[in-house]
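Just so you know, residue 1 is the first one in the sequence shown, and it goes up from there. It should be emphasised that the depicted structure is a prediction, and the values quoted were computed from it without experimental measurement. Every number for a ligand or one of its atoms is a count from 1 in the order of the listing.
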Amino acid sequence: MKLRLALISLVVLAGTNRVYCSEPSQGADRPNIVFIFSDDHSIQTIGAYNARLSQFCREQGITPNIDRLAATGGLFVNSFCGNSLCSPSRASVLTGLHSHANGVMTLDQPIKAGLWTFPNSLRQAGYQTAVIGKWHLDKTIPEYADWQLLPGQGDYLNPVFISKSGREKHTGYVTDITTDLALDWLKLRDASRPFFLAIHHKAPHRNWVPPLRYATWLDDVAVPEPATLFDDYTNRASPARFQEMNIGKDMTMASDLKVGNTFAANPLYAARNADFAAKTPMGDDLTRWKYQQYLKDYLRCVKAVDDGVGRVLDALSSAGLEKNTIVIYSSDQGFYMGEHGWFDKRWIYEESLHMPFIIRWPGVVQAGTRFGPFVQNIDYAPTFMDMAGGQIPDGLHGRSIVPILRGETPADWRKSVYYHYYDDNGAHNVVKHYGVRTDRYTLAYYYTTEEWEMFDNEQDPEQLRSVYADSAYAKTLAELKIELGRLRRLYQDSDGTRD
Ligand code: CA
């Protein structure tokens, strides 16, 4: 009987192809992992996603290297965050837990003391670990062995990096320097051990300063406008009307758009200042003008990130590491590219709920796969541990997506994702809300104003009409409320007044 059980165990292990190592020195063939994580990069501006600006991005060559990664690997269509904000998303990535459980619900909270995070366990499993770039969890010490980080948000131009040896100011553009430092680390690592290298780009976070080489690139094209650029926020609950992330109303001429005397002679901004002086747009024309400048600066920043992705892919290839290195491209949340008239993130609505997730894993992920299962940032930590053959601790909210990558999606894989946003004291005046997103519907509860919204994303993909009070949806609404309650019990989230 014992022998039979042992045989079954062996078969199970072989079937899932997991490598369990008691000694870190074993398993030298374990994969390396390069995790490229940018800040505020929307799926709309990635060519490989069939999202609003994807075709434009392909035509203009904005993300050719990220698209190459997707073409030689796979892309998750339904990849979501659980709280659409920088620090909370990063904390969920590190801990495998939703915000209420890891303690980082807003921008300035640390991860709860003593919580498990994946970099430490990867180290214990024998991996060399490094993180380069933006951290934005200022009170949380990195558990990576090596780190070179931007303090706070970091600067786009001539940024300071901090490391164990102190502060150092670098000359140049932050995205390029982040990639330089990552590739330097790659060269100097111990080649006898597997590695996990996190490359955390600051870009394309506000205030969208592009590199000089792309200063006037895209000047002569018009970025397609969203149909909802002049959304009036009717047919929904009240919070959408009171936000402060409207391009026309809230995007600043100086800091965001670099229009004014101090910028007129700057080679990055001289052309737009001349254009503004010649047109002096007003009203809706001004909103349209701002939209073009915003999108172009954002896309120029994205283009530089994409250059960095290309350099990393080329470096892996020339070092002979391509076959045994998993490369992931993701970003901490989605972003509004003028949809609903907005910039920024925060909402459970589609554009900010989505996170890009693209992965190349030679020999495991079939080239060109578009994965449908729902994945969330809480899945990253257990996934990394699974890839490395390490132990996944009990009690995480997320699950390893490795079975999905192998084409063996578990029958009990989640069919919905839970969302909870808390930062109503921060910028942009978005009130707290929690909710659920299923394959077709979004249900949100704004508990401080006691209002609900429900969207039929199939009939209304732009989410312009809440069907919460529509009797035709009464049965579906009841099911969604049951599902939301189930998720809140599953994750033990009792914050917010009632289910
Ligand atoms: Ca962010």
Check: Can you list the residues that meet the salt bridge (charged side-chain N to carboxylate O under 4.0 Å, His left out) rule with Arg213, with sequence neighbours excluded?
Finding: Asp176, Asp307
Check: Near the Ca ion (ligand 1), which protein N/O/S atoms fall under 3.0 Å?
Finding: Asp39 OD1, Asp40 OD1, Cys86 SG, Asp332 OD1, Asp332 OD2, Gln333 OE1
Check: Side chains of Trp413 and Pro403: does their closest heavy-atom pair fall under 4.5 Å?
Finding: no
Notebook entry, point to check: How are the rings of His100 and His98 set relative to one another: parallel (under 30°), tilted (30 to 60°) or perpendicular (over 60°)?
Noted result: parallel
Next item on the list: Identify, with sequence neighbours excluded, every residue that meets salt bridge (charged side-chain N to carboxylate O under 4.0 Å, His left out) alongside Arg311.
Entry: Asp180
Margin query: If the condition is side-chain contact (heavy atoms from CB on, under 4.5 Å), which residues does Lys139 pass it with, not counting sequence neighbours?
Written below: Asp108, Pro110
Next item on the list: May I ask you to establish whether Lys202 and Tyr156 are in a cation-pi arrangement, using a distance under 6.0 Å from NZ or CZ to the six-membered ring centre and at most 45° from the ring axis?
Entry: yes
